[in-house]
Peer 1: 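First the structure, then my questions, so here it is.
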2 protein chains.
Amino acid sequence: MHELLITQMSYLIRMSDEEKEWIRQRFEIKTYQKGEYFLREGQVCREAGFIVEGMVRYVLTKDNGEELTVDFNKEMEYTCNYASFLDKSPSESAIQCIEPTTIIVISYDDLQELYEHFTEGQKFGRLICEFLYVQAIKKVQSLYTGDPERRYLQFLDVYSNLVPRLPQYYISSYVGVQPPSLSRIRKRLAK
Amino acid sequence: MHELLITQMSYLIRMSDEEKEWIRQRFEIKTYQKGEYFLREGQVCREAGFIVEGMVRYVLTKDNGEELTVDFNKEMEYTCNYASFLDKSPSESAIQCIEPTTIIVISYDDLQELYEHFTEGQKFGRLICEFLYVQAIKKVQSLYTGDPERRYLQFLDVYSNLVPRLPQYYISSYVGVQPPSLSRIRKRLAK
DNA sequence: TAAATTTATTAACCCAGGTTAACGAACGGC
DNA sequence: GCCGTTCGTTAACCTGGGTTAATAAATTTA
């Protein structure tokens, strides 16, 4: 279980055997049922996680109460609300498991220890963050330059394998429209 | 000139005198006139910069040729197209100076050397990136949950001091609408 | 398998922003 | 200070997504 994470981390940095052992000891395995929350809106995100199995969605709640699904993470990906995690502020989004999900988690303090004491700890933190940042920038770009139809096509391109695991109203809000509108888009595209 | 950068960096990490001297030697001062490009679309971004004076905008070009201004950076802020810089890919956005601007820049290779050889180099990279990432996430959130009117109000909130330095059509595209639409929004708000 | 619930589609109407063009104001260069 | 250009506003019309509600399809649950 931890070995998946160790493999993943090995793509980014070199680790000694003692460091690998530290990871096995400090990352804690947590399991969630479908619908359970890894993080609720308003809570401070006190741990970062690596998804071993399952899938989560990031949920923003608009002022009118409407829930928006703005991102997904699945097995072999990291999950965390970094905005909340980093400055210990109440999170503006929730993270909900949308399948039975297993996540191995590390606390804020332990992660700082990893950063400080692993030979390449800071580098690990930097590389993860760079990856996430570039993803976020690309998302901003697609929100600026693309219309919903285009984002839907991009979504199918990148996440086609996820489609069978997702209800359509998650996809519609990811794309930035209401369900009836995604239906119209799909109808247009069917031609 | 370099001292401003050194001060800024000192908020994030401790630096030895030799490290400070290295910065004075490796960061190069570049000046740009209003309208000149720090980075053109399609170029690989080969240096990261710290703006000493002036202001830049990030320009995305839509398929139909329309130019969108998606962000600004001003004096005492970093500027770079990280997506391009990090993986040496052609940049999808341009960075244009919209005032006479002075930027001190560091090449990709020198920055890697800083990361590797400064005592807290990797940590510096991580902290900068974390800051940028959180900014990007907040931008994504406001694009998802806010309408243009709201984003305009947020813009005024955060950047009110920039308004006199910006033409309105930069603001309108930042907010995600065409100029006539921002006019309508302003008119609505005037009541 | 049937009933209950959730999810997806469709239709009708509304509205904010897009588009185009015209006009007036502000600005920059000489 | 004048002229040409750029910029901001306004008007008219168009379009795509929002909203609501009804219906149909797909899942769950008993």
Side-chain angles (χ1 to χ4, degrees), chain A residues 33-36 55 57 59-70 72 96-100 142-156 159 162-191, chain B residues 33-36 55 57 59-70 72 96-100 142-156 159 162-191:
Chain A
Q33 299 185 316
K34 179 175 176 173
E36 274 193 283
M55 193 166 171
R57 69 177 186 127
V59 189
L60 281 180
T61 306
K62 290 175 70 169
D63 291 350
N64 61 17
E66 186 191 341
E67 280 193 352
L68 300 181
T69 300
V70 301
F72 305 99
Q96 184 184 29
C97 301
I98 58 179
E99 296 179 349
S142 95
L143 289 167
Y144 266 109
T145 63
D147 53 22
E149 177 173 322
R150 193 193 185 93
R151 276 196 297 281
Y152 178 61
L153 290 170
Q154 287 173 346
F155 175 84
L156 292 182
Y159 292 114
L162 292 191
V163 174
R165 298 163 67 180
L166 293 174
Q168 196 150 298
Y169 59 91
Y170 287 170
I171 301 176
S172 78
S173 83
Y174 178 91
V175 161
V177 296
Q178 296 293 323
S181 193
L182 181 57
S183 273
R184 288 187 282 238
I185 289 169
R186 286 160 55 81
K187 199 176 181 182
R188 279 205 305 268
L189 291 172
K191 295 185 292 205
Chain B
Q33 299 185 316
K34 179 174 174 173
E36 275 193 282
M55 195 165 170
R57 68 177 185 127
V59 189
L60 282 180
T61 305
K62 290 176 68 170
D63 291 350
N64 61 16
E66 186 190 341
E67 280 193 351
L68 300 180
T69 300
V70 301
F72 305 99
Q96 185 185 29
C97 302
I98 57 179
E99 296 179 351
S142 95
L143 289 168
Y144 266 108
T145 64
D147 53 22
E149 177 172 323
R150 193 193 186 94
R151 276 195 297 281
Y152 177 62
L153 290 171
Q154 286 174 345
F155 176 84
L156 292 182
Y159 291 114
L162 293 191
V163 173
R165 297 163 68 180
L166 293 175
Q168 195 150 297
Y169 57 93
Y170 287 171
I171 301 176
S172 79
S173 83
Y174 178 90
V175 162
V177 295
Q178 296 294 321
S181 194
L182 181 56
S183 273
R184 288 187 281 239
I185 289 169
R186 286 160 56 81
K187 199 176 181 182
R188 280 205 304 268
L189 291 173
K191 295 185 292 203

Peer 1: Return the value, rounded to whole Å, for the distance between atom CG of B:D147 and atom P of D:dG17.
Peer 2: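 Atom CG in B:D147 sits about 17 Å away from atom P in D:dG17.
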Peer 1: Can you check the A:Q168 CD to D:dA24 P distance for me, whole Å?
Peer 2: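 Roughly 19 Å, once rounded to whole Å.
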Peer 1: To the nearest Å, how far apart are A:E149 CD and D:dG16 C1'?
Peer 2: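 The answer, rounded to whole Å, is 11 Å.
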Peer 1: Roughly how many Å is it from OH in B:Y169 to P in C:dC27, rounded to a whole number?
Peer 2: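 Spelled out: OH on B:Y169 to P on C:dC27 is 13 Å.
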Peer 1: Would you tell me if any nitrogen or oxygen in the side chain of A:R188 comes within less than 4.0 Å of OP1 or OP2 on C:dT9?
Peer 2: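 A:R188 to C:dT9 OP1/OP2: no side-chain N or O under 4.0 Å.
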Peer 1: Base, sugar-phosphate, or nothing: which does A:R184 touch, judged by heavy atoms less than 4.0 Å apart?
Peer 2: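 The answer is base, as A:R184 lies within the cut-off (heavy atoms under 4.0 Å) of a base atom.
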Peer 1: Out of D:dG17, D:dT9, C:dT9, which nucleotide sits closest to the side chain of B:R186?
Peer 2: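 Closest of the options to the side chain of B:R186: D:dT9.
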Peer 1: What are the two closest heavy atoms between A:I98 and A:K34, and how far apart are they?
Peer 2: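 Nearest heavy atoms, A:I98 then A:K34: O-CG, 3.7 Å.
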Peer 1: Quick check against the 3.5 Å criterion: does B:Q96 have a side-chain atom that pairs as donor or acceptor with the backbone of B:R57?
Peer 2: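 Judged by distance alone, no pair lies under 3.5 Å.
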Peer 1: Just the rounded figure in Å: distance from C1' of D:dG17 to CZ of A:R150.
Peer 2: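 Result: 19 Å.
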Peer 1: With sugar-phosphate meaning primed atoms plus P, OP1 and OP2, does A:S181 contact a base, only sugar-phosphate, or nothing at under 4.0 Å between heavy atoms?
Peer 2: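 The answer is sugar-phosphate, as A:S181 gets under 4.0 Å only of primed atoms, P, OP1 or OP2.
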Peer 1: Nearest to the side chain of B:S183, which nucleotide is it out of C:dG18, D:dG8, C:dT9?
Peer 2: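 That would be D:dG8.
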Peer 1: Which sits closer to the 5' end of DNA chain C, B:K34 or B:Q178, going by the nucleotide each is nearest to?
Peer 2: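 The residue closer to the strand's 5' end, by nearest nucleotide, is B:Q178.
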Peer 1: Rounded to the nearest Å, what distance is computed from the CG atom of residue B:L166 to the C1' atom of nucleotide D:dT6?
Peer 2: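 My rounded result for the distance is 16 Å.
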Peer 1: At under 4.0 Å between heavy atoms, what does B:P180 touch on the DNA or RNA strands: base, sugar-phosphate, or nothing?
Peer 2: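 Result for B:P180 = base.
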Peer 1: Under 4.0 Å from OP1 or OP2 of C:dA11: is there any side-chain N or O of A:K187 that close?
Peer 2: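 True: A:K187 side-chain N/O within range (under 4.0 Å) of C:dA11 OP1/OP2.
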Peer 1: Measure from OH on A:Y144 to P on C:dG17 and round the result to the nearest Å.
Peer 2: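 A:Y144 atom OH is separated from C:dG17 atom P by 15 Å.
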Peer 1: Over 60° means perpendicular and under 30° means parallel, so classify the ring planes of A:Y174 and A:Y159, tilted if in between.
Peer 2: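 Ring orientation, 0 to 90° scale: perpendicular.
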Peer 1: Rounded to the Å, how far apart are A:R165 CZ and C:dT7 P?
Peer 2: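 Interatomic distance, CZ of A:R165 to P of C:dT7: 18 Å.
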Peer 1: For A:P148 and A:I185, which heavy atoms make the closest approach, and how far apart are they?
Peer 2: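 Closest pair (atom of A:P148, atom of A:I185, distance): CB-CD1, 3.8 Å.
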Peer 1: Kindly indicate whether the side chain of B:Y169, heavy atoms from C-beta on, has any atom under 4.5 Å from the side chain of B:L182.
Peer 2: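 Side-chain contact under 4.5 Å: no.
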